[in-house]
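Sequence lines set the chain letters: A, B, ... in the order given, protein chains first and strands last, and positions in each chain run from 1. The basis for the numbers below is simple: all heavy atoms, side chains too, and nothing from hydrogens, waters or symmetry mates.
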There are 2 protein chains.
Amino acid sequence: MPIKNTGTEQLIKDTAKRLIFTEGKLHATTQEIADAAGVNRTALHYYYRSRDLLIAAIFQDAMQDLSQRLNECMTAPESFKTKTENIIALFLRHMIAFPYQETFLVTEINTLGTKLIDNIQSNPVKSYLKEAAEEMEKGTIEKMNPAHFLMNLFSLLSYPLIMAPLYKKLFRLSGKDFKALIDERAKIIIRLLFKSQ
Amino acid sequence: MPIKNTGTEQLIKDTAKRLIFTEGKLHATTQEIADAAGVNRTALHYYYRSRDLLIAAIFQDAMQDLSQRLNECMTAPESFKTKTENIIALFLRHMIAFPYQETFLVTEINTLGTKLIDNIQSNPVKSYLKEAAEEMEKGTIEKMNPAHFLMNLFSLLSYPLIMAPLYKKLFRLSGKDFKALIDERAKIIIRLLFKSQ
DNA sequence: TTTTTGTTAGACAAAAATGTTAAGATAAAA
DNA sequence: TTTTATCTTAACATTTTTGTCTAACAAAAA
């Protein structure tokens with residue numbers, strides 16, 4: 001780590017994340033990133049040496065961030081429903097800020113190979129799936145393979161935000177109206193996933 | 001259209017679609033496309049003149065295909081539930097074959113601008129939404145903004161297939177096991193969207 | 001004050017990707 | 001058989017993107 005930290009290294013990475021994760025420009029060039037960050041392109045090489053290394057750093061961060069969010073959410077010491085409500089709140093907030101983070105991860109894996117994620121942590125997910133299975137026994141949620149429950153949850157949270165540009169056109173909605181729609185989703189999702197009473 | 005049609009023009013486009021829509025290689029180069037198609041890169045230029053034009057053709061096809069599927073599905077003369085079951089079957093089949101088609105559309109829009117889709121047809125969707133609202137009155141599905149119903153439907157259909165590389169790792173599933181999981185989803189989705197009896 | 005650190009600017013080199021051209025092979029059509 | 005449309009090969013030009021180097025400068029640290 002540098003002795004005199006002016007935040008430029010972080011700024012570059014954060015800007016790249018904004019372009020890629022938030023604005024969905026999955027193939028931003030080094031020039032575009034540097035311009036958006038308001039730094040010279042040389043600074044990007046100064047800190048990250050190459051585009052690939054910057055992208056690798058961003059990929060690592062994204063995986064780490066995803067892992068950590070799953071970890072924290074899924075192993076929290078709360079009731080299953082409360083926990084699920086928290087997952088929804090947290091992931092919705094995240095998807096609003098960084099809708100293309102998961103898309104980025106997947107397309108990187110598709111081009112660079114699946115070995116990128118051999119070390120993914122699946123234990124917290126497993127424990128959540130187990131709890132879901134118990135809830136199914138209790139009858140608070142529909143019986144199904146718990147993996148489906150989790151996929152349903154994440155689908156309902158994520159997909160509308162990824163497809164926002166299409167949905168806005170399809171529904172003829174302004175950005176504001178679409179946002180209002182998204183704000184309603186937490187409740188909708190809970191109502192859908194949990195039996196009515 | 002060429003007088004002597006040997007299918008190479010189509011082959012090139014189909015191959016590019018395979019790479020982009022199926023394999024999720026969203027920034028395939030002309031060389032990669034030509035190689036995958038087993039033709040010389042010049043053939044690509046011979047037929048499409050430039051990469052951008054090939055991509056534009058693919059984009060148009062994808063929009064057209066999406067529009068047409070929506071159109072056919074949503075205006076079919078069947079009961080709402082049957083119609084929805086058909087939508088699920090059709091879109092699931094499509095997502096299995098071309099999981100990244102919508103992702104491609106959205107990332108293209110994100111980089112080239114929203115004007116690409118100003119002419120999108122939203123009438124069939126509107127009529128489906130109206131039917132959904134009627135079903136809500138009847139009580140066969142939960143009451144909500146019909147737009148949510150549609151977003152729920154497409155989310156549940158699409159997201160798991162887009163995120164397959166991640167989910168396989170997260171659930172530690174082989175390709176075969178994951179496929180089996182996906183095959184169960186049509187029923188799961190119907191059960192989730194429609195009230196139990 | 002001198003040195004170090006962070007950073008910029010500019011020029012340039014190298015690589016990658018895209019696009020062009022000309023010549024020729026092939027096979028089907030005329 | 002000649003012609004023509006299709007497609008390849010190979011060479012090359014252009015553009016885009018990436019990466020490197022050097023000199024310089026400002027601000028903080030020593």
Side-chain angles (χ1 to χ4, degrees), chain A residues 1-21 23-62 100 104 107-108 110-113 116, chain B residues 1-21 23-61 100 104 107-113 116:
Chain A
M1 56 204 82
I3 290 168
K4 193 203 297 186
N5 187 343
T6 56
T8 303
E9 182 168 9
Q10 194 62 38
L11 172 67
I12 290 169
K13 198 161 66 174
D14 288 346
T15 304
K17 285 178 184 174
R18 197 189 79 222
L19 290 181
I20 297 172
F21 298 166
E23 300 179 20
K25 289 168 182 167
L26 296 193
H27 23 271
T29 63
T30 54
Q31 190 63 65
E32 286 166 337
I33 294 165
D35 287 353
V39 304
N40 193 285
R41 198 168 56 85
T42 332
L44 191 149
H45 285 97
Y46 178 77
Y47 286 113
Y48 295 96
R49 204 143 56 251
S50 77
R51 180 183 194 276
D52 280 358
L53 285 175
L54 172 59
I55 295 293
I58 288 169
F59 184 91
Q60 288 309 321
D61 280 11
Y100 301 100
F104 165 78
T107 59
E108 282 299 303
N110 285 337
T111 49
L112 298 182
L116 283 176
Chain B
M1 59 204 79
I3 291 167
K4 195 199 297 182
N5 188 345
T6 55
T8 303
E9 181 168 12
Q10 194 62 37
L11 171 68
I12 290 169
K13 198 160 66 172
D14 287 346
T15 304
K17 286 179 183 172
R18 198 190 80 221
L19 289 181
I20 296 172
F21 299 166
E23 300 179 19
K25 289 168 184 168
L26 296 192
H27 23 272
T29 63
T30 53
Q31 189 64 66
E32 286 167 336
I33 295 166
D35 287 353
V39 303
N40 194 285
R41 197 167 58 85
T42 29
L44 192 150
H45 286 96
Y46 178 77
Y47 285 112
Y48 294 97
R49 203 144 56 254
S50 77
R51 180 184 193 277
D52 280 358
L53 286 175
L54 172 59
I55 295 292
I58 288 169
F59 184 91
Q60 289 309 320
D61 280 9
Y100 301 100
F104 166 79
T107 60
E108 281 299 302
I109 292 164
N110 285 336
T111 50
L112 298 181
L116 283 177

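Per the geometry, CD belonging to A:Glu32 stands 11 Å off C1' belonging to D:dT16, to the nearest Å. Rounded to whole Å, the distance from NE2 on A:His45 to P on D:dG19 is 4 Å. In this structure, A:Gln10 atom CD and C:dG6 atom P are separated by 15 Å, rounded to whole Å. Rounded to an integer number of Å, the gap from A:Arg51 CZ to D:dT16 P is 17 Å. If you take CZ of A:Arg49 and P of D:dG19, they are 11 Å apart, rounded to a whole angstrom. Rounded to whole Å, the distance from NE2 on B:His27 to P on D:dT16 is 19 Å. The CG-P distance, from A:Leu44 to D:dT17, rounds to 14 Å in whole Å. The distance from atom CD of B:Gln31 to atom P of C:dT18 is 9 Å, rounded to the nearest whole Å.
The CG atom of A:Leu19 sits 9.0 Å away from atom CD1 of A:Ile58, with the distance rounded to the nearest 0.5 Å.
Partners of A:Tyr100 according to the ring pair (Phe, Tyr, Trp, His ring centres under 6.0 Å) rule, which considers only residues two or more places apart in sequence or in another chain, do not exist here. Legend: residues meeting side chain to side chain donor-acceptor pair (under 3.5 Å) with B:Asp61, ordered by chain and number and at least two apart, are B:Lys13, B:Lys17. Considering only residues two or more places apart in sequence or on other chains, B:Thr30 meets the side chain to side chain contact (heavy atoms under 4.5 Å, CB included) condition with B:Arg41, B:Leu44, B:Arg51. B:Phe59 meets the ring pair (Phe, Tyr, Trp, His ring centres under 6.0 Å) test with no other residue; sequence neighbours excluded.
Of the residues in residues 35-42 of chain A, those with a non-hydrogen atom less than 4.0 angstrom from any atom of DNA chain D are A:Arg41, A:Thr42.
With D:dT6, C:dT20, D:dT18 as the choices, the nucleotide that has an atom nearest any side-chain atom of A:Thr29 turns out to be D:dT18.
Each salt bridge (charged side-chain N to carboxylate O under 4.0 Å, His left out) pair with one or both residues in residues 25-37 of chain A, not counting sequence neighbours, appears once here: A:Glu23-A:Lys25.
Donor-acceptor pairing under 3.5 Å is recorded for the side chains of A:Asn40 and A:Thr42.
Within the structure, every side-chain polar atom (N or O) of A:Tyr46 is placed at least 4.0 Å from both OP1 and OP2 of C:dT8. Under 4.0 angstrom from either OP1 or OP2 of D:dT18 there lies at least one side-chain N or O belonging to A:Thr30.
Remark: D:dA30 base-pairs with C:dT1; criterion is Watson-Crick or G-U wobble with both hydrogen-bond distances under 3.5 Å.
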